[in-house]
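Heads up, the thing below is written out as structure tokens.
Computed from a predicted structure; not experimentally measured.
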There are 2 protein chains.
Amino acid sequence: MAQVDTVTRILDAAEELFAEHGFAETSLRTITARADVNLAAVNYHFGSKKALIQAVFARFLTPFYKMVETSLDVHEKNHPDTILSIEDILRFVARAMASVTEGDRSRLAIFMRLLGLAYNQGQGHLRKYLQTEYRSLFRRVMALIAKATPDLQPVERFWRFHFMLGSAAFTLSSMENLRAIVEHDFDTKCTEEEVVGYLLPFLAAGIRAK
Amino acid sequence: MAQVDTVTRILDAAEELFAEHGFAETSLRTITARADVNLAAVNYHFGSKKALIQAVFARFLTPFYKMVETSLDVHEKNHPDTILSIEDILRFVARAMASVTEGDRSRLAIFMRLLGLAYNQGQGHLRKYLQTEYRSLFRRVMALIAKATPDLQPVERFWRFHFMLGSAAFTLSSMENLRAIVEHDFDTKCTEEEVVGYLLPFLAAGIRAK
DNA sequence: TTTTGAGTTAAACGTATGTTTCAAACAGTT
DNA sequence: AACTGTTTGAAACATACGTTTAACTCAAAA
């Protein structure tokens, strides 16, 4: 075995480059060059570029998924029959995200970018993958949100959920550019935590509208 | 001149295909084939693929831009010194969008997709283009929002504005897929107008949060 | 020691892409 | 009718891409 596993070297490089330039715009040659690995390694270890993209996605998804699940399990065991508020639910999700992307903040951006891609690429492989892998967590969170917003019609709740997802996906995936604008226009720096601190109240108020 | 101008035939085809498959995934050959036009026509009339993408963008941007400007002008002449509410502002923008994309609803999706792309493609050409072209309208709308939300700190207002933008960009650009999910999961069809009808209250409540 | 098999390497393959070329067709003007 | 500038057409070009191949490395098993 080399200093660091070839597979994770590829994943690390791919993650950074996907976040910077997108997926179609990032070539395997660029990835393997940054990873200091032979070009053929991607196809050897992952099978194809598509599979690599999925693997990059999975590296977030799986721990994030488990994190939310277990923290919800713990909470429900300690506080059974309590109804979580929207803020509570968002905090659970945000905390899981933070812990998964800890130490490397651009990972959040690429996760969100993948999410956006998964949604608006019609026949894309990512969407199917996400849908099968994520379904049970999605349902569980959706059920919690339903309990927190009992007055909402199911269809409108569905849309509002995706409005929330959109805010998060858009702003967090282009966080770097937006922070640059803030620094230029307002002469102020924003940490990621501050942005999330701005985001959650916005989302909560939005889903509770009217 | 042919039946329809070659330039607009290309723009029409590019618009549809970009909306379906994204930009990098759509080749000039696919575009020119659908437009029933020679491959070289794109480079002859637009210069490059990048320039074509910008041209597709500009075909929305320019009329949309003018529409918002003039309708705001008219309103300010008729009702000087009135402070528009957030809902009013959003309605102005939404009405301008509707009138620009009238008759062809998928244009909204590609517009939003381009917007998202412009934001999270760091060094992308779209971003610069948008920034220079849009700046004055952006400032004007921002000033109106500032008057409608006097209690908000400028930086937080900036972020909330982009949270709104994110909701709109994300949901409207993946509208087709989301409507398919709604139809599958809830056995209901949603028109674009209904979705916008759901969206605006969400945004208004979000920006007014706390 | 030999064998095995996973991992790596350099090179090549086939293909799809954006772009360019240059001759032909065309429309408008003189 | 001849000329002129613009637009189209078929073909080729150069390149970048994802992928495959086959030779090679090298540690662990037999």
Of the candidate nucleotides C/dA10, C/dA6, C/dT19, which contains the atom at the shortest distance from the side chain of A/Tyr44?
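Per side-chain heavy atoms of A/Tyr44, the pick is C/dA6.
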Tell me which nucleotide among D/dT19, C/dT9, D/dT8 gets nearest to the side chain of A/Ala40.
C/dT9
Does a side-chain N or O from [X] land closer than 4.0 Å to OP1 or OP2 of [N], or not?
X: A/Thr6; N: C/dT8; value: yes
X: B/Ser27; N: C/dA16; value: no
X: B/His45; N: D/dT8; value: yes
X: B/Asn43; N: C/dT19; value: yes

Cation-pi check, B/Arg107 onto B/Phe60 ring (under 6.0 Å, within 45° of axis)
yes
A cation-pi test, strictly: NZ or CZ of A/Arg157 under 6.0 Å from the centre of the six-membered ring of A/Phe161 and no more than 45 degrees from its axis. Yes or no?
no
What is the separation between atom [atom1] on [X] and atom [atom2] on [N], rounded to the nearest whole Å?
X: B/Leu28; N: C/dT20; atom1: CG; atom2: P; result: 12 Å
X: A/Arg9; N: C/dT8; atom1: CZ; atom2: P; result: 9 Å
X: B/Ile10; N: D/dT8; atom1: CD1; atom2: C1'; result: 11 Å
X: A/Leu17; N: D/dG18; atom1: CG; atom2: P; result: 12 Å
X: B/Ile53; N: C/dT17; atom1: CD1; atom2: P; result: 14 Å
X: B/Glu25; N: C/dT17; atom1: CD; atom2: P; result: 11 Å
X: B/Phe46; N: C/dT20; atom1: CZ; atom2: C1'; result: 18 Å
X: A/Asp5; N: C/dT8; atom1: CG; atom2: C1'; result: 13 Å

Atom CG in A/Leu28, atom CZ in A/Phe46: separation rounded to 0.5 Å?
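Between atom CG of A/Leu28 and atom CZ of A/Phe46 there are 10.5 Å.
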A/Arg29 vs A/Val37, nearer the 5' end of DNA chain C by closest nucleotide:
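It is A/Val37, whose closest nucleotide lies nearer the 5' terminus.
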Just call it for B/Thr26: base, sugar-phosphate, or nothing, with non-hydrogen atoms closer than 4.0 Å on any strand.
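Since only primed, P, OP1 and OP2 atoms lie under 4.0 Å of B/Thr26, the category is sugar-phosphate.
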B/Leu39 or A/Phe23, whichever maps to the more 5' nucleotide of DNA chain D:
B/Leu39
Any salt bridge (Lys or Arg N to Asp or Glu O under 4.0 Å) pairs touching residues 161-179 of chain B, not counting sequence neighbours?
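For residues 161-179 of chain B, and leaving out neighbouring residues, the salt bridge (Lys or Arg N to Asp or Glu O under 4.0 Å) pairs sorted by first residue read B/Arg179-B/Glu192.
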Side chains of A/Tyr65 and A/Ser136: do they bring a donor and an acceptor to under 3.5 Å?
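Checked: A/Tyr65/A/Ser136 side chains pair up, N/O donor to acceptor below 3.5 Å.
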